[in-house]
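Note sheet for the following structure.
The sequence lines fix the lettering, A, B, ..., with proteins before strands; numbering per chain opens at 1.
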Amino acid sequence: MALPQRRTDIGPPHYRDYLPPVIQKNYGDWKYHEVINPGVMVHVSNKGEKIWSVRAASPRLLSTDTIREHAALAEKYCGGYLRYTTRHNVEFLVSDEKNLEPLQKELKSKKYMVGGIGPRISNIVHTQGWVHCHSAACDASGLVKVLMDEFADYFTTKETPNKVRLAVACCTNMCGAVHCSDIALVGIHRKIPTVETEKIKNMCEVPSTIAACPTGAISPDPANKSVKIKEEKCMYCGNCFSVCPALPIADPVNDGIAIVVGGKVGNLRSNPMFSKLAIPYLKNNPPRWPEVTAAVKTILEAYIAGANKHERVGEWVERIGWESFFKTTNLPFTFQHIDDFTIARETFRNSSSFKW
Amino acid sequence: MPKKYQTPLLDELEKGPFPSFVTEIKKAAAKNDMAADELGLLEKSYRDRRGYWKHGGIVGVRGYGGGVIGRYSSLPEEFPNVANFHTVRINSTSAFFYTSKFLNEMCDIWDKHGSGLTNLHGSTGDLVLLGTKTENLEPIFAEFSSRGWDLGGSGSALRTPSCCIGPARCEWANIDTLDINYSITQEWQDEMHRPAFPYKFKFKTAGCAVDCIASIARADCSIIGTWKGNIAVDQKEVAAYAKGGMKVQEEIVDMCPSKCMSYDGKELKIDDANCVRCMHCIAKMTKALKPTGEKGATILIGSKAPFVIGATLSHVIVPFMKMEPPYTELKDLIRKMWEWWDEHGKNRERIGELIIRRGMREFLEFIGVDPIPQMVKEPRRDPFYFWTEADLQK
């Protein structure tokens, strides 16, 4: 069968054609919203018109079967309109209130996890992992699955002091928003890359490989048309492997997961914050990574017990101090926790006041 | 019938309440050879604790230099159906709105020409079609583009811009995030599809400082809606929140970062001149508080993940810009930034890294923006700074 005529540089379709009629009519004229339950909110316009959003978790990696199911549900209850959130949830956009209960009922009967709205844990921003990436130090989808299984109640019912944003990145390239999340996992390496000298001359450009190293650990090896790596300078970031495939760094024995905490992107109350290192390494232990879920649980429970209402994880830690964070969570503080990368001196304590 | 693999480790990830990505792969694997081999390969990764994918190669559709990420398995003999298993990035709609009609058509095309696996959405915001063979790329592109859908960005190019839900369904939007996002995307199709930058460039547009799209952390150019007028207070609604159990003093007034609010049990007062527009009070008392006056955006530059110098957040370049179609002021400013970055940027150097390497002064002078205190948290601490001949004449 002949293919249709291709078109180039047309860009995406206009968003207006995908908005439910009630949104088109009240675009930019919303007055307020209310969270009806952890999975449902209603937005009310200045005209008094309403749209209900029903949010359900998705694993992000979706088969066409499941997307067709989303589409069928949207057709049955939402005039065919739905959207996905930046955190990979699906939102059914209900314009007719009488569809609200039947939709929620059908979602529950189909075992959808409905929730994620308000001060609780929403879905986890994450990366490809072993599913589809060349530089993954761990899987991502599997870690998301075990964390969300563990904390399912915090998605569907239970509250936390403020929202808790979790993220998973399968390597330090951090395609997920790990560097600014409340609690996040990042896959790390702990041994230097292997130099495959025979392959380098065919596969890699030496100057860009040297330039990719943030610590100046890579130098040319002209005799072999290759490079050398200074072991004592390498911090295992893997950026050289990104530009030179002949420097593989994946290591089933030594790769693992670091946990960082206290980041946020919003400006509410306090400025956006970076996540900081809580646990430098936990072993890669698929399929369910019990050490990782236990560690995240320890941090989450300390936050719930210690934070004031509306405080994010980072705001709580800043108020009590990092020394108290390590004390209250009982997490060991190690050489790895003290920065020796690009902003080390900004992180040292220049004061004699601190807690015991 | 696709090959059936034993997957004892992945089967463990079908247990528990959260929807399982393994179940998703199995659904596709029941009818698709590529998805079946993806499942087998992933089980092997779980067993061996390592990935089996190689670097992307140069692969794509005619006339484009991006939009497709080449992906090859390092075990092509063992898993021949994922020997090449490329990602296709489809440029999503502003704020990820879809119709059932489109999604069903998308699934038809993808079942016919691909693995049947997707990501809704990728980290940058593309509708990701996960895994197909090289020979399917042209048919996929023809099917999508003939229906009005185009590819997103990849490589050293403009990446698919994304935005928060904004005025479509949020009372806090100060700017039309969906329209800005659409306008930027349409303006720079060539920059998206034919990589010519030193490295990637991302736009994210947020309607307010809550920043639901994480623009300040994840975009080379962060556009964040804000306002210049006062916050209008509906005292009746304040009283209703108090009656409903909100501790106004503790939860609102005491948590204000600039201490510009007071409450005597009856009236909530705001000293607007000292408000930093953080959004805390508005987000917690959405019925009672509304920004008024001139609306616009703060333009910030330079956030990125940790490679190479460590993670950065975007920093303020233009504190306030009116945002009205066709957004000429913004687009002209961006073009100037790109010109400077093109001229001086090294291979794989993001614009934020270049600003740090060459200094804000050179950047600001080139783009024609004067220095003002809103750009910095504090002035420099050291006495080492440049004087030009022109400075000496002043």
Would a distance-only check, ignoring hydrogens and angles, find a side-chain to backbone donor-acceptor pair under 3.5 Å from [X] to [Y]?
X	Y	result
B:Arg50	A:Pro252	no
B:Asp150	A:Ile10	yes
A:His33	B:Arg169	no
A:Arg6	B:Arg62	yes
B:Lys27	A:Thr64	no

At a heavy-atom separation under 4.5 Å, does [X] approach chain B through its side chain, its backbone, both, or neither?
X	result
A:Ala212	both
A:Tyr81	both
A:Ser45	neither

Looking only at non-hydrogen atoms, find the nearest pair between [X] and [Y] and report the distance.
X	Y	answer
B:Phe21	A:Val131	CE1-CG2, 4.4 Å
B:Ile309	A:Thr342	O-OG1, 2.6 Å
B:Leu13	A:Val146	CD2-CG1, 3.6 Å
B:Met255	A:Arg269	O-CG, 3.6 Å
B:Thr118	A:Ile67	OG1-CD1, 3.4 Å

For the interface with chain B, which of A:Pro272, A:Gly263, A:Pro286 has the highest count of heavy-atom pairs at distances below 4.5 Å?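 Heavy-atom pairs under 4.5 Å are most numerous for A:Pro286.
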Are B:His55 and A:Phe241 close enough that their ring centers fall under 6.0 Å?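 Yes, close enough.
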State yes or no: are the ring centers of B:Trp149 and A:Tyr18 separated by less than 6.0 Å?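 That pair passes the under 6.0 Å test.
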Between B:Val128 and A:His132, does a side-chain contact (heavy atoms from CB on, under 4.5 Å) hold up when you go through it step by step? CA-CA 12 Å; B:Val128 169; A:His132 207 225; over 6 Å; no
Would you please say whether a donor-acceptor pair under 3.5 Å links the side chains of B:Arg71 and A:His134?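 Yes.
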